[in-house]
Protein chains: 2
Amino acid sequence: MAKQAGTSGAGTTEALPPAPWQRTPQRAARRRRDPITQEAIVETALRILDSEGLEGLSMRRVAEELDTGAASLYWHIGSKDGLLDLLFDHVIGEQQIPDPDPPRWQEQLKEVARLQRATILRHRDIVAVSLGRIPMGPNALRYSERVLAILRAGGVPDDLAVSGYLLLIAVVNGFTLDETADEQPGGDAGGPSKDAARDYIASLPQAQFPNLIAVAGEFSAVDRDERFELLLDLFVGGLARRVATDEYRSRGRSK
Amino acid sequence: MAKQAGTSGAGTTEALPPAPWQRTPQRAARRRRDPITQEAIVETALRILDSEGLEGLSMRRVAEELDTGAASLYWHIGSKDGLLDLLFDHVIGEQQIPDPDPPRWQEQLKEVARLQRATILRHRDIVAVSLGRIPMGPNALRYSERVLAILRAGGVPDDLAVSGYLLLIAVVNGFTLDETADEQPGGDAGGPSKDAARDYIASLPQAQFPNLIAVAGEFSAVDRDERFELLLDLFVGGLARRVATDEYRSRGRSK
DNA sequence: ACCTGAACACCGTTCAAGT
DNA sequence: ACCTGAACACCGTTCAAGT
């Protein structure tokens, strides 16, 4: 709580070399280096998001990590909301979408979905950041381009390609949103909530909740990876069948 | 910005009857009545959520609407987070799930999804509230019970019923989450972002974004209701086919 | 061109004190 | 049992001022 000299202080110690007996706090080597680029701000923000969650991500916290005051950030980014825009696009850029391999478009689409899920699980609170944001940054555009390439190369007609693309990312978002709600606490070992929920359901009045009680065991029986694959099967399978149906219909009509 | 006398004031006007020439601000009649029940707090919070969004929903704002200070709320609710729990469950309670009609289970499941979407669109920011929350309140349990009843009465085996139920609400959440991102501004007439996005995409370098540009028109062509119905078809259709497959497989194995 | 300290108008929450 | 004012430790953002 007390101010540590030379850590977040006023800069009066700048000219002094570090006294050799002071235990240097690990990253002290950076010390007033790299002149606060926009990129450095985004990377710092992402690190804080991962380690402390969206709650812990404040301008003051980012600034502290960069050895400055919060006000200094506003020359590089317009606002916290603007920073979150950059953060969102940065994370989208982490996904490496493969080149189209037409006969494998269904499997490739599933790969895209698995990649999205993995990215969200790696940066759990990013889905909260994405909430009110339309993905329109440079990385988001490249991402869209490459996913659409897979669908169109696979022979999916344009209207279904767009709807399928938009629905897929929305659906994966929904799944992981639900999934990340389960274990909020940062370093909590084991999950009390999953089994606790099952026990709680089992203790409910039988007369009022016959169905819920009957299936209580199933809530924790299927694991999440399996459930995710089921979702992909339902969705991508349905999309493929739709493509086939439309092809059949338009062939029948034109010939 | 200036304080209006007698509207959010300190309560010194309590004994005075309302002067007949003052235009009474519609609900001024309440005036220091009902002794701040938990329910009143929740309802006030929901009204603020709807009119001003989650951003505008602060303890102080809720208290103001109830003619008190923020501190007074803490005797009735544990914390703001606790209030959001109550708010979430309250909104879930708005959904009226029909009694099972076994042969119509697929259509009924779609109805459940449409109801969920309508509820979210009626309280747009509720999806942000639901973010880290596991639906375990009394209304959520009743809701789960009734949806599961529809699935099981329809002959869906327990494991698929649970997965199907969980996936459906997640998927609808994802869809509406995406949908509500488009027009954030409160009373904005017309949507600039939809067409603006299309125009922006059209202005991109052809060489880098051939697919995105080719389908630019499709982004705004299909309307949201239609896209939502497509999602329901893909999902519920897929689930039904899965049920049939499993039935066939288990019959084949046992006989 | 880039950074800073101090201030403004907010937050959620606590706590001693009132009735 | 219920409510209150004042305070605490935070926010995002602005702005005059420094180099």
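Letters go in sequence order (proteins before strands), and every chain restarts at 1.
Taking every side-chain heavy atom of Y74(A) into account, dT14(D) is the closest of dA7(D), dC11(D), dT14(D). Each of dC3(C), dG12(C), dG12(D) was ranked by its minimum atom distance to the side chain of I36(A); first place goes to dC3(C). Residue A71(B) places its side chain closer to dG5(D) than to any other of dG5(D), dC11(C), dG12(D). Comparing dT13(D), dT13(C), dC2(C) by their nearest atom to the side chain of R60(B) picks out dT13(C).
One atom, CD of E55(B), and another, C1' of dT13(D), lie 14 Å apart when rounded to the nearest Å. Counting to the nearest Å, the P atom of dC11(C) and the CZ atom of R61(B) are 10 Å from each other. For the pair I77(B) CD1 and dC2(D) C1', the computed distance is 15 Å after rounding to whole Å. When rounded to the nearest whole Å, the span between CG of L73(B) and P of dC3(D) equals 10 Å. Computed from coordinates, the W75(A) CH2 to dT19(D) P distance equals 19 Å when rounded to whole Å. Atom CD in Q38(A) sits about 15 Å away from atom C1' in dC2(C), given to the nearest Å. Atoms CE (M59(A)) and P (dA9(C)) sit 21 Å apart, rounded to a whole Å. Straight-line distance from the CG atom of L57(B) to the C1' atom of dC11(C): 12 Å, rounded to whole Å.
Across the interface with DNA chain D, nearest-nucleotide mapping of G56(A) and G78(A) shows G56(A) to be the residue nearer the 5′ end.
How far CG of L86(A) is from CG of L46(A): 12.0 Å, rounded to the nearest 0.5 Å. In this structure, the separation between CD1 on I120(B) and CD on Q95(B) is 7.5 Å, given to the nearest 0.5 Å. Note that CD of E52(A) is 10.5 Å distant from CZ of R47(A), once rounded to the nearest 0.5 Å. The structure places CZ of R224(B) at 9.0 Å from OG1 of T180(B), a figure rounded to the nearest 0.5 Å.
Base-pair partner of dT4(D): dA16(C) (Watson-Crick or G-U wobble, both distances under 3.5 Å).
Note on T68(B): every side-chain N or O is 4.0 Å or more away from OP1 and OP2 of dC3(D). Of the side-chain N and O atoms in H76(B), none sit less than 4.0 angstrom from OP1 or OP2 of dA1(D).
Heavy atoms of S72(B) sit under 4.0 angstrom from at least one base atom.
The cationic group of R117(A) lies under 6.0 Å from the six-membered ring centre of F228(A) and within 45° of the ring axis, placing it in a cation-pi geometry.
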